[in-house]
Amino acid sequence: MRVVIVGAGEVGSNIAADLAADHDVVVVDVDDDRVESMSYSHDVLTVHGDGTEVSTLEEAGVGEADMLIASTDDDRANIVACGTAGVFTETFTIARVKRPQYLRTWERGERTFDVDFMVCTDLLTAETITGVIGLPTARDVDTFADGLVQMAEFEVPPESPVVGQTVQQADRFASLTFAAILREDGIVIPRGNTVIEGGDDLVVIGSPDAAREFSSAIAPEQSGPQDIVVVGGSEIGYQTVRLLEARGFSPRLIEHDEVRARWLAEQLPDTTVMQSDATNREFLERENVGDADVLIAALESDQKNLLAGLLADRLGTTRSVAVVDTVEFTDLFEAVGIDVAVSPREATAEEITRFTRGRRAENVSLIEGDRAEVMEFEVDADGDAVGRPIRELAAALPNGVVFGAITRDFELITPRGDTVIEAGDHVVVFADADAVDAVTAAL
Amino acid sequence: MSKLPFVGGRRLRVDWRTSVALTGRVVKYLAVPLAVPLVTALLYGEDIAVFAVSMLVVFLFGFALERVAPEPDLGAREALLMVALTWFTVAVVGTLPYLLAGVGTDSTLAQPVNALFESMSGFTTTGATVMGSISFEQHSHALLIWRQLTQWLGGMGIVVLAVAILPELSVGGAQLMDAEAPGPGIEKLTPRIAETARALWLVYAGITLLEILLLFGFHLGGLAPNLDGAVAGTDHAAAAYNAIAHGLTTMPTGGFSPEARSIEAFSAAVQWLIIPFMVAAGVNFALTWRLVGGSPRALFEDTEFRAYLGVMGVFGVFMTALLFVGPGIVPGADVGAEYIADYLGIEGDVESSARHALFQVVSIVTTTGYASMDFNAWSTPLKYLLLFAMFIGGSAGSTGGGIKVVRWVVIVKSIKRELFTTVHPEAVSPVRLGGTSIDERAVRGIQTFTLLYLLCFGVGAAFIMLEAGRAGYDLTVLEGMSAVAATLGNVGPGFGLLGPMNSYLTFSPASKLAMVFLMWIGRLEIIPVLVLLTGAYWRS
């Protein structure tokens, strides 16, 4: 497949790196240095020029391309690039935008702006954040099959009651499947007698209710969050608060800019907006930020988010979630004391992966970068899997594969060995990175 | 060369000639509605000279004023001056029929101060009267219909009417309407201001017509046996006269009635019928316009409308309970023995308790000023409740006076906000009105206005009390306060001496002139008039 990527920023180069191995990738960017470094570091063709101009796109061979991904930092440039490509080819176009307004507009029409798929970075990040804080101790959450199935990655604290239990003892929930345990030394596919250790990362797949119950089983003293503080009224902060309001929360939002704070207060009727510096300790103490269940840092820089998160931790906030722009810092943040680091770029890249990998997967979630994936498939009537029990399918697949959940006619079925796959089923599968291709072929 | 005039060596920043000329234009057209009493006089075989002369004088006067500036150029400051000037001039020329008709009679309106009071009370839709005796022996049908008509013209606003029909006013029209319209700002309903003005007048005239037809329908259906009663005579023509007369003063929240006993003269059915029309008159006409346009949700989702209904509901229920259980009526009240006997029957009767409580509450809150009974007979707690109700006022963009419900809503919310930010100094919390937040400047404006209103009330009440002492007539504190609250709020009747069945005749000329001023600034919501008294307005 030939893919044209407009914009060689962090997202663009991540996607390029991801695709370069299996596809012909052409990268377009206006910046000389970026183009140059791109052509040295990856096996891709580079074009120097403005991706919103027909001549540049023609030079990049968009006419023969199967896909165009516009991933610059400028929303309008991305939309215009897709529109320009649409003038002379039928290429599948993906646009990355930050502002949700463009996404809302795109959703209202058929192929608005000649964009086939639009990824809204800030909204995706906000969705990830609200998903994570809904489940105490969760590090990552993703939904599948129209929200019927949830994948959650939990970090098991050393003092948790489930430490020392076997998977059989811990899994008291009918509609929950233990998909994997991620440890330093590799991925363990749990058996009934596998013992859970402190510090394990548990990947579970099942109904959202079961995920919530399991979450409180891991950390019984932490109920769902009541008191949520969002620091920073950036677009991500604003979208997060909006989603929280929609779920019935009344969060507090701290923003230092007077005009922005006023604007936020006008937009968010159920939120208490405060205008202050988020690192002002006296203010944080007076407003009892230490009593908050969750603090979400969505300020304009990674450093500030780290500082705000650590400060809140010191004051006694139960959980801290920080937005990390630079993908490499994610692990670092979590190592020094931030409970969950959410990377907008990673989320974007993940979303775009659904299309670029050219698989039949309906939905994909990447675990720990790309150590493993959780994928959703819709089973075709003429597929090989139809009519076969899971035990039989699993036997033919490599080791690192777990059938997490099946939905049939909008009902969740917890897969057992004798569950027979039917046409139209949505199957959610966990697969080790090495087993991804085999699973894709089988379903 | 600037065409701005020099006065005393310093340049004026206001082109007052423009304002005077445009005032003249509006005054000139006042000759047209004077045709209504003229026709009435013809129908009843009364003296038409009064109105013919008035028409001629008004037209010539307006024409002369118009000559002051042949090419008026309307700016924001000129608009303010023009609106204030128009209202005053219209009230002045509106005295002509009263004065001319009063010549050679013992009519109290023959005195210029009284005539001005009556005329200002009419155009500002106050409804306070200085007529000694309201009867057809004393006054002609035509004069009384003119009195009703002044309220109808003043209700939706003379300037709004002028913008609607005079194309040359449409450019500065928004500023003109803003200065005149009751409430913190006008809402353009259509892209063109003249169309907005026309739409408002259309709704206004439409509802007025509906009320007249319903009143007359009640008469035909036998539900209003005394609509043709006491004063007007006992035939269809008399019923029609009363239906029109009251239709003309309900929608403008006016309150004048050619019946000496106001709405008490009519049957319970008629009283019930008038209540919803008074309620409608106090609703923002922009909302009524949308309701007519087929979106009733806008009405019920409107914060002000809900608060407006809520306030009247709470007052209504409370007063109904007091009237029903007692002590609602004071047996020894000085309202006439034949009435007190009837009033004592209200206690224990659900229908009449509810009717009289609701009627008075709606009438006072909307600042209409009708009365279904003499509330001088009410006990003190009920009277004080009514006095408080005078400060509420109708909705913004209605014909009602007073402080206006929306301002109270904003004030209550800003007080809540103040309490919250005392605990959380960094909290940013805009004052919201039905989902949209209000600009801080507007909040400040509303607080200032309300404070100014209460200040005018205080100063006015002090003056009226002092003047009563000087002139040597008895005035209780409740009477004095109600006089000022009722004129500043364009309500009409007060308590005691100036109760709904009595008149303001007792007051000294100085007090009456002070109240003329209060009615004038009350109708224009104080600030457009007070700004004219500042040096900054004229020179900077």
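All of these numbers come straight from a predicted model, not from anything done at the bench. Below, chain A is the first sequence line, B the second, and so on; all start at residue 1.
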Legend entry - Any donor-acceptor pair under 3.5 Å from B:W289 side chain to B:L200 backbone: no
Legend entry - A:E287 and B:H424: CA distance, side-chain angles, deciding distance, side chain to side chain donor-acceptor pair (under 3.5 Å) verdict: CA-CA 7 Å; A:E287 288 297 337; B:H424 304 281; 2.5 Å; yes
Legend entry - Part of A:L264 within contact of chain B (heavy atom distance under 4.5 Å): neither
Legend entry - Leading residue by heavy atom contact count with chain A [cutoff under 4.5 Å; candidates B:A427, B:S429, B:P425]: B:A427
Legend entry - Audit row: A:T272, A:L253, side-chain contact (heavy atoms from CB on, under 4.5 Å) steps and yes/no: CA-CA 6 Å; A:T272 306; A:L253 174 59; over 6 Å; no
Inset, instruction - Against chain B, label A:R252 side chain, backbone, both or neither, depending on which of its atoms sit under 4.5 Å from a heavy atom there. - result: neither
Inset, instruction - Quick one: pull up CG in A:D142 and CD in A:E127 and give me the separation to the nearest 0.5 Å. - result: 9.5 Å
